[in-house]
Amino acid sequence: MLARAIVGDPETVRRGLAQKAEATGADELFVMAVGPDLDSRVRSLEPIRAG
């Protein structure tokens with residue numbers, strides 16, 4: 001599973017997501033955040049949302 005993980009600062013994650021989409025031909029991606037509660041999971045996704 002970690003082979004599919006994209007981890008890092010917001011720019012690294014945005015770049016990794018763009019590369020994954022291009023490599024697979026996907027027009028959308030599913031992103032899953034892991035954290036102890038809903039607020040922390042939502043917060044972890046905020047930095048990549050605008051990208």
Side-chain angles (χ1 to χ4, degrees):
M1 179 130 154
L2 288 178
R4 298 179 192 160
I6 300 171
V7 189
D9 61 63
E11 184 55 36
T12 299
V13 173
R14 277 193 289 270
R15 195 169 41 250
L17 290 171
Q19 290 170 347
K20 183 69 73 176
E22 185 176 332
T24 61
D27 61 355
E28 64 182 12
L29 298 171
F30 178 83
V31 178
M32 183 174 70
V34 178
D37 55 49
L38 178 59
D39 288 337
S40 67
R41 292 189 297 272
V42 170
R43 239 185 350 267
S44 74
L45 295 172
E46 291 289 331
I48 63 169
R49 180 176 65 164

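Residue indices begin at 1 and follow the sequence shown.
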*Got a sec, which residues hit side chain to side chain contact (heavy atoms under 4.5 Å, CB included) with Ser40, two or more places apart in sequence or on another chain?*
Pro36, Asp37, Arg43
*asked:* Which residues pass the side chain to side chain contact (heavy atoms under 4.5 Å, CB included) test with Leu17, not counting sequence neighbours?
replied: Ile6, Val13, Leu29, Val31, Ile48
_Non-neighbouring partners of Asp27 that pass side chain to side chain contact (heavy atoms under 4.5 Å, CB included), sequence neighbours left out_ = none
_Partners passing salt bridge (charged side-chain N to carboxylate O under 4.0 Å, His left out) against Arg15 (at least two apart in sequence or in another chain)_ = Glu11
